[in-house]
Colleague: 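Supplied in structure tokens, the structure appears directly below.
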Amino acid sequence: MAAMTMIQALNSALDTMMERDPKVLTFGEDVGYFGGVFKVTEHLQQKHGAKRCFDAPINECGIAAAAIGMAVYGLRPVIEIQFADYMYPAYDQLVSEAARIRYRSVNDYTVPLTVRMPYGGGIYGGQTHSQSPEALFTHVAGLKTVIPSTPYDAKGLLIAAIEDDDPVIFMEPKRVYNGPFDGRRDRPVQPWSKHPASDVPEGYYRIPLGKANVARAGQDVTVLAYGTMVHVALAAAEVSGLDAEIIDLRTLVPVDIEAITASVAKTGRCVIVHEATRTSGYGAELSALVQEHCFYHLEAPIQRVTGYDTPYPHALEWEYFPTPPRIVKAMRRVMEG
Amino acid sequence: MAAMTMIQALNSALDTMMERDPKVLTFGEDVGYFGGVFKVTEHLQQKHGAKRCFDAPINECGIAAAAIGMAVYGLRPVIEIQFADYMYPAYDQLVSEAARIRYRSVNDYTVPLTVRMPYGGGIYGGQTHSQSPEALFTHVAGLKTVIPSTPYDAKGLLIAAIEDDDPVIFMEPKRVYNGPFDGRRDRPVQPWSKHPASDVPEGYYRIPLGKANVARAGQDVTVLAYGTMVHVALAAAEVSGLDAEIIDLRTLVPVDIEAITASVAKTGRCVIVHEATRTSGYGAELSALVQEHCFYHLEAPIQRVTGYDTPYPHALEWEYFPTPPRIVKAMRRVMEG
Amino acid sequence: MSPRKPNALDLHIPAPRARPGDKPDFSGWTFPEPGDTPRPDVGAAAVELREYAYGLIRVLDMEGNALGPWSPHIEPETLRRGLKYMLLTRAFDDRMYRAQRQGKTSFYMQSFGEEAVSVAAALALNPDDMCFPSYRQQGILIARDYPLLTMMNQIYSNARDPMRGRQLPVMYSSKKDGFFTISGNLATQVPQAVGWAMASAYSGDLRIASTWLGEGSTAEGDFHAAMTFAAVYKAPVIVNIVNNQWAISSFQGIAGGENTTFAARGVGYGVPPLRVDGNDFLAVYAVTKWAAERARSNLGPTLIEHFTYRGGPHSTSDDPSRYRPADEARAWPLGDPIERLKRHLISLGEWSEDRHREAQDAALETVRTTGREAEKVGVLGAEGAHARESMFEDVYKEMPWHLRQQREEEGV
Amino acid sequence: MSPRKPNALDLHIPAPRARPGDKPDFSGWTFPEPGDTPRPDVGAAAVELREYAYGLIRVLDMEGNALGPWSPHIEPETLRRGLKYMLLTRAFDDRMYRAQRQGKTSFYMQSFGEEAVSVAAALALNPDDMCFPSYRQQGILIARDYPLLTMMNQIYSNARDPMRGRQLPVMYSSKKDGFFTISGNLATQVPQAVGWAMASAYSGDLRIASTWLGEGSTAEGDFHAAMTFAAVYKAPVIVNIVNNQWAISSFQGIAGGENTTFAARGVGYGVPPLRVDGNDFLAVYAVTKWAAERARSNLGPTLIEHFTYRGGPHSTSDDPSRYRPADEARAWPLGDPIERLKRHLISLGEWSEDRHREAQDAALETVRTTGREAEKVGVLGAEGAHARESMFEDVYKEMPWHLRQQREEEGV
Ligand SMILES: Cc1ncc(C[n+]2csc(CCOP(=O)(O)OP(=O)(O)O)c2C)c(N)n1
Ligand SMILES: Cc1ncc(C[n+]2csc(CCOP(=O)(O)OP(=O)(O)O)c2C)c(N)n1
Ligand SMILES: [Mg+2]
Ligand SMILES: [Mg+2]
């Protein structure tokens with residue numbers, strides 16, 4: 001066990017898997033010698049050789065496509081898209097190819113591919129270093145979408161993603177790479193070392209995909225969140241005076257419907273939180289699922305607290321970012337019914 | 001007035017606008033001399049000249065980007081993506097560029113662009129000629145998304161889209177290009193000429209974006225639909241024995257929330273129908289909106305009748321296609337509560 | 001718009017020389033004579049190979065003589081196999097095209113006139129080399145002895161369709177035969193082939209990859225991704241551009257053919273570019289062997305432009321008489337690949353008109369018999385060909401809860 | 001993996017010659033001498049221009065003499081303006097870089113060492129020609145006399161930021177100055193520039209477009225789209241590749257520079273390729289004039305590779321000492337663009353060390369004064385710089401109901 005940041009935990013997951021399985025390799029823009037702009041692949045080239053961890057041309061389509069070809073060959077590539085905002089050139093390859101090759105070839109070919117990408121705002125990244133495009137993946141049959149919220153989960157889920165025989169979109173909440181940021185800009189940022197989930201085993205372990213985690217148990221209201229927003233929701237719960245149950249989804253598709261329904265059946269109230277733009281965000285799907293599965297338990301309309309339907313504004317990002325007060329407001333609204 | 005198919009109505013809209021405004025031009029794969037694989041641009045090159053209606057290289061990214069450049073210059077380009085399934089290579093240009101240029105330049109530059117694309121299944125087109133990716137556009141702030149269901153609407157909405165100063169995604173339900181197909185494969189397909197909405201003025205008129213149409217007024221249950229599914233929903237209503245109110249949304253973003261809430265407030269029950277895969281489909285957003293706006297009116301869980309979360313299967317497409325019986329079943333379920 | 005200014009800019013829209021009603025016109029083109037192009041060393045530096053992008057490698061003259069340094073000196077037995085597979089491919093295409101017309105399937109795409117491009121390549125590659133084809137290289141599958149019956153079963157989406165009715169008729173897949181599952185999205189397979197080749201090199205394997213795309217499809221960004229990655233990592237891959245002059249209704253000028261050759265794209269990346277008469281079986285065979293040897297020697301990728309003509313419609317949904325002269329195919333200056341190989345074999349004394357007629361009849365008979373067999377299994381739309389629940393399978397390795405739930409909604 | 005087979009394939013991963021700790025090594029490169037490259041006619045056929053992709057157009061020698069047919073014979077006054085703008089750009093970059101270090105803004109990107117690429121082009125183009133730059137051509141905006149104060153206001157996202165705090169600091173936009181809104185997504189502007197140029201030609205206008213991207217960004221599919229469309233429609237556009245050797249931490253070999261030049265990409269499309277010493281103000285000016293004249297004569301696009309070196313870090317988020325020798329910039333064999341133009345002006349008798357020092361001080365002073373003024377307006381994070389409701393504006397021309405509702409949720 002060692003205290004790790006999320007970056008270190010992700011690095012450790014890659015290192016662990018590259019050691020266990022020669023079929024695992026990783027590449028992407030600046031991931032080789034430099035170790036990635038966020039340092040997630042640091043030292044991997046030096047340790048495992050340039051053929052197993054290398055720089056790629058700035059062509060996300062090519063990165064995805066080459067990885068698909070490798071996966072079809074029988075390797076287990078892990079690619080990095082430098083920012084989720086830059087995944088669009090790769091989108092066709094992920095949606096039309098990776099996601100459908102098993103189905104269209106009736107298992108003749110399969111694509112055990114992991115696509116890592118940092119996502120989310122709160123780092124003054126402006127419109128093209130802040131986006132949360134998870135709903136663009138959850139809509140696609142054949143893809144799994146995973147978002148961890150802690151170092152411990154990040155490592156265990158990344159290992160599970162690499163071992164998964166289907167393509168997995170692995171989105172990393174960059175705002176909490178180095179500490180469990182809770183959305184309160186006025187407070188000093190905590191380092192991960194002060195957080196219990198930074199206690200990460202050195203070696204191999206996995207956290208199953210498709211299983212949510214109850215980040216905080218409670219009776220009054222269910223909050224569904226993932227990634228950075230889990231920490232923001234916890235902070236909101238703390239100040240709300242309400243006994244909120246916070247579900248950290250961890251996997252968005254396939255989602256842990258049992259955990260969700262169990263909680264909402266108990267509380268009768270539900271708040272959904274994400275950073276992505278609201279309209280057709282993943283919160284819409286969660287809202288639809290909750291009302292389909294728990295309609296007769298619901299005491300009040302489900303509330304969505306989300307990024308607004310605008311591009312991510314640079315200087316006004318703290319107005320854009322879903323902060324604890326916004327979540328508390330939604331919790332109160334849902335309590336009032 | 002003339003009886004037009006939807007293809008003829010779309011052709012007439014383009015012809016009308018090219019006549020009125022020299023800034024309007026159109027291009028795309030095979031749209032020039034040949035007039036498009038579905039004939040929507042037939043004769044336009046012959047009539048308006050090759051510079052105003054021409055073939056493009058098979059590069060959807062380039063088609064979108066060139067059109068953005070033209071729109072920025074001050075033209076009003078209308079581009080055709082041959083099938084919606086092939087829009088993915090253009091997705092970055094549409095999402096990261098067309099949608100955000102006004103915002104990011106504070107109105108310095110604008111993109112009055114119309115992107116036409118046939119979508120939807122039911123023509124044995126297999127996985128890559130059948131998709132309904134509308135939710136991938138509705139999630140994007142800065143884009144409008146329009147889907148007509150009749151020749152009359154198609155022409156009026158396309159003209160409004162071309163005149164709109166923002167980028168508009170204009171999705172054409174190809175299954176009803178030549179007739180109002182209602183999902184009942186066992187019956188002879190009706191030609192548009194038998195349908196009142198094939199009565200289309202020859203000249204200029206527009207249907208405002210953002211306004212839904214009540215395709216059938218009713219008291220028992222609200223059905224939200226668009227494109228081909230409007231006709232399928234009407235057929236379902238006919239056999240259901242229920243007095244369904246069918247709302248043809250016409251514009252998905254910005255959606256006509258007043259029409260929706262007025263209807264659901266009245267019926268207390270809601271069924272949502274689309275062909276796209278279910279998870280994170282536009283139906284999720286509609287479901288979320290309805291429960292947010294009409295929670296205290298709802299008597300039963302909102303039902304979604306959609307394409308399944310699989311690629312579009314070639315031979316089993318009639319199992320995949322949302323047919324009247326599936327909609328009737330959902331209507332009954334929502335009536336039972 | 002304001003009236004035209006002096007010296008004003010003007011927009012160029014490319015147009016083909018001949019449209020319906022016009023006489024086909026290939027007069028602007030000149031080709032090197034068969035045998036005239038030198039054969040560089042397989043290890044030649046890319047910079048020495050640039051000029052090959054602007055010529056045309058030809059071996060067979062129109063009388064059937066094999067000339068010059070590219071002549072591959074293949075065993076007559078191999079040539080006869082090549083001929084047989086081309087005949088089979090043509091007969092197969094013909095029957096399946098008509099089957100679509102008869103409503104037995106939804107869609108079909110022929111490779112009429114381009115048979116040498118696939119069949120010669122298939123014979124020149126090793127059997128375990130991996131192919132990433134477009135939808136017009138059925139000749140590869142046929143030349144690798146994939147069962148015609150299985151192909152037909154897929155085309156009819158019947159109960160024995162190995163793709164379980166999920167794919168369009170012509171989108172085959174066979175891992176066993178090194179044939180990648182065909183995509184409907186143009187050019188996506190090309191950078192995938194590069195990735196596969198990189199994986200083979202990464203693994204210290206001996207197998208190379210080969211991929212095909214139409215000249216129209218070279219415009220896609222995926223082609224650029226493929227060329228960039230192939231060049232950067234010296235991937236052991238052959239990228240084949242099949243320039244059959246048309247992309248549905250768009251002539252090759254719309255893909256950039258007015259300004260240079262498609263082989264020249266390779267020059268842009270420093271990738272050796274070979275331009276070959278695609279209707280010349282021997283030339284296609286020879287350049288494929290050259291490129292394969294280069295790749296297998298860790299010398300990296302080769303780009304081959306196969307200069308040919310799409311003899312038939314784009315697909316059963318197309319009517320080429322609406323956009324090109326009806327007799328353009330017949331006017332194609334580089335002849336028919338089957339006819340030319342036949343003449344060569346006859347000139348070698350290894351074939352005759354009679355044997356050819358027999359071979360043709362045998363191909364037709366094989367296809368006819370197999371067709372009947374396939375039809376007995378069923379054609380498109382036959383009730384119960386596929387269990388409805390099969391629609392929900394194989395989206396993921398294991399079916400997640402939401403697909404199970406959706407399957408239940410279907411009542412299965 | 002199994003043990004290595006004999007003759008097994010192997011994967012090539014490009015690596016630069018020197019890493020931190022190594023001596024910078026540019027020894028492999030040879031360049032033509034200044035003045036040695038002929039200047040072709042502006043109307044020359046593309047096929048005659050291929051070789052320019054492999055040379056390097058140079059005018060200024062290291063002593064400041066202008067040599068050969070590409071020497072543009074510009075008025076000394078223009079040269080002094082060029083020098084002034086380059087000095088301003090460098091002073092501006094320097095101050096803004098430090099401002100970011102002081103926490104006054106979130107992010108900054110210098111163009112240190114590449115100033116000639118933007119400034120010479122800006123002076124060679126017509127003032128109403130349209131520019132589609134990447135994030136490293138601030139020199140264009142400065143050379144078009146866009147107010148430095150406005151640039152700083154944007155960099156500080158203060159109350160006078162014309163982008164209302166929405167954009168990253170360096171992502172300027174000014175339609176009035178023919179400067180397109182910069183995108184964070186690499187290379188997207190390149191095919192847009194082609195579309196703009198097509199629109200200009202469509203409209204019988206006289207204005208051409210010019211666009212810039214880094215050598216790393218040429219790998220993006222958008223570049224291929226741009227080149228294909230530009231070639232097909234003979235768009236009046238200049239595509240400038242700024243090869244500054246690095247793309248963040250990746251050397252140009254990762255973008256394909258090991259196999260051929262970036263100018264050679266043009267050869268692949270039949271687009272005239274010019275390769276120029278990007279640190280040679282006169283050469284950049286001359287090739288831009290040549291390409292602009294060609295475009296304005298309806299002869300279509302030109303691709304220019306500007307061979308230069310990124311003197312600074314990629315951005316304020318970067319630390320180049322982690323991936324390249326710290327003194328590599330100083331070892332760059334083609335010198336510093338400001339220094340070289342200065343020497344030229346002095347050799348002409350049109351400048352002196354004293355005047356240069358004065359000009360340098362004047363630039364610093366302008367930047368300093370303007371900087372103070374901008375800081376007075378405010379720096380990043382100042383309360384109330386932007387009304388919260390402004391976040392919801394301009395997403396669409398008219399605000400739809402759902403944005404109005406969201407604005408209300410914000411309590412504004
Ligand atoms: C991404 C994408 N865009 C458009 C299409 C529609 N389409 C199918 S085939 C075709 C023409 C392809 O021409 P070419 O590459 O020359 O191949 P050929 O058919 O001549 O063999 C087009 C435009 C597609 N399948 N995929
Ligand atoms: C589509 C996309 N992918 C990745 C990035 C991240 N990124 C920003 S700058 C850069 C390097 C660009 O290098 P180059 O094109 O050589 O330009 P230079 O910075 O050298 O001027 C990268 C990878 C991006 N902005 N957009
Ligand atoms: Mg073709
Ligand atoms: Mg660079």
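Proteins come first, then strands; the chains are lettered A, B, ... in the order of their sequence lines, and each starts at number 1.
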Colleague: Salt bridge (charged side-chain N to carboxylate O under 4.0 Å, His left out): which pairs involve residues 195-205 of chain D, sequence neighbours left out?
Modeller: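 For residues 195-205 of chain D: C:Lys5-D:Asp205, D:Asp205-D:Arg207.
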Colleague: For chain C, find which of D:Val271, D:Ile208, D:Val267, D:Thr261 contributes the most heavy-atom pairs closer than 4.5 angstrom.
Modeller: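 Looking at each option in turn, the highest pair count goes to D:Val267.
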Colleague: Any idea how D:Phe223 and C:His224 line up, ring-wise: parallel (<30°), tilted (30 to 60°), or perpendicular (>60°)?
Modeller: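 D:Phe223 vs C:His224 ring planes: tilted.
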Colleague: Within the structure provided, determine whether D:Tyr269 and C:Asn259 are in side-chain contact (heavy-atom separation under 4.5 Å).
Modeller: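 Of all side-chain heavy-atom pairs linking C:Asn259 with D:Tyr269, none is under 4.5 Å.
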Colleague: Do the side chain of D:Asn298 and the main chain of C:Ala8 share a donor and acceptor less than 3.5 angstrom apart?
Modeller: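 At least one qualifying donor-acceptor pair exists.
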Colleague: At a heavy-atom distance under 4.5 Å, which candidate from D:Gly256, D:Ala219, D:Ala199, D:Ala263 has the highest pair count against chain C?
Modeller: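 Of D:Gly256, D:Ala219, D:Ala199, D:Ala263, D:Ala219 has the most heavy-atom pairs under 4.5 Å with chain C.
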Colleague: If you tally heavy-atom pairs under 4.5 Å against chain C, which of D:Ala264, D:Ser297, D:Gly221 wins?
Modeller: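 Top option by heavy-atom pairs under 4.5 Å: D:Ala264.
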Colleague: Where does D:Ala197 contact chain C at under 4.5 Å (heavy atoms): side chain, backbone, both or neither?
Modeller: neither
Colleague: Once rounded to the nearest 0.5 Å, what's the spacing between atom CG of C:Leu9 and atom CZ of D:Arg296?
Modeller: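 Rounded to the nearest 0.5 Å, the CG-CZ separation comes out at 8.0 Å.
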Colleague: Taking 4.5 Å as the heavy-atom cut-off, does anything in residues 46-57 of chain D contact chain C, and if so which residues?
Modeller: D:Arg50, D:Glu51, D:Tyr54
Colleague: Side chain, backbone, both or neither: which part of D:Ala231 has a non-hydrogen atom closer than 4.5 Å to chain C?
Modeller: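 Interface part for D:Ala231: both.
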Colleague: Drop me the distance from D:Ile13's CD1 to C:Lys234's NZ, to the nearest 0.5 angstrom.
Modeller: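 Result: 11.5 Å between the selected atoms.
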Colleague: Please report the closest heavy-atom contact between C:Val232 and D:Pro14, naming both atoms and the distance.
Modeller: O-CG, 3.4 Å
Colleague: Contact part of C:Ala255 toward chain D, heavy-atom cut-off under 4.5 Å: side chain, backbone, both or neither?
Modeller: backbone
Colleague: Report the option among D:Ile254, D:Asp222, D:Thr228 that has the most heavy-atom pairs separated by less than 4.5 Å from atoms of chain C.
Modeller: D:Ile254
Colleague: Rounded to the nearest 0.5 Å, how far apart are CG of D:Asp10 and OG of C:Ser200?
Modeller: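 It comes to 11.0 Å.
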